[in-house]
Amino acid sequence: MTISPSRSGENAFSEPHRVHVRDSKDTARPGPAVGADAWAMFVGYAVDQTT
C-alpha cells in the first residue's frame, strides 16, 4: 500500500488529518482514507509484528 492523492484530485497533503491509502497493484479501485491516529496505531502494530 502507498499513500496517494485522493480520487477527487485533491492532494493527500491538503487533508492533514487523513491518510489516503491505495493498493499499488489495483489502482482502479478507490482506496480508503483513514484518520491520522488510526494510521499511527496501524503502523505501530505493523512495526511490533516485525521485531
Side-chain angles (χ1 to χ4, degrees):
M1 287 192 229
T2 58
I3 298 174
S4 69
S6 69
R7 303 282 291 164
S8 66
E10 294 178 2
N11 187 305
F13 297 109
S14 68
E15 298 182 63
H17 302 291
R18 298 183 73 180
V19 177
H20 294 263
V21 183
R22 70 174 172 87
D23 183 338
S24 61
K25 294 180 182 176
D26 185 3
T27 59
R29 186 165 45 165
V34 297
D37 292 341
W39 184 253
M41 288 175 57
F42 168 75
V43 171
Y45 172 80
V47 169
D48 287 345
Q49 299 306 305
T50 61
T51 58

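Under the side chain to side chain donor-acceptor pair (under 3.5 Å) criterion, D26 pairs with R29, not counting sequence neighbours. Under the side-chain contact (heavy atoms from CB on, under 4.5 Å) criterion, A38 pairs with no residue at all, not counting sequence neighbours.
The hydrophobic clustering, which links ILVMFWY residues whose side-chain heavy atoms are closer than 4.5 Å, places V19 and M41 apart.
Within a 6.0 Å sphere centred on CG of D48, other residues, nucleotides and ligands contribute more than 12 heavy atoms.
In this structure the side chain of V34 never reaches within 4.5 angstrom of the side chain of F42, judged on heavy atoms.
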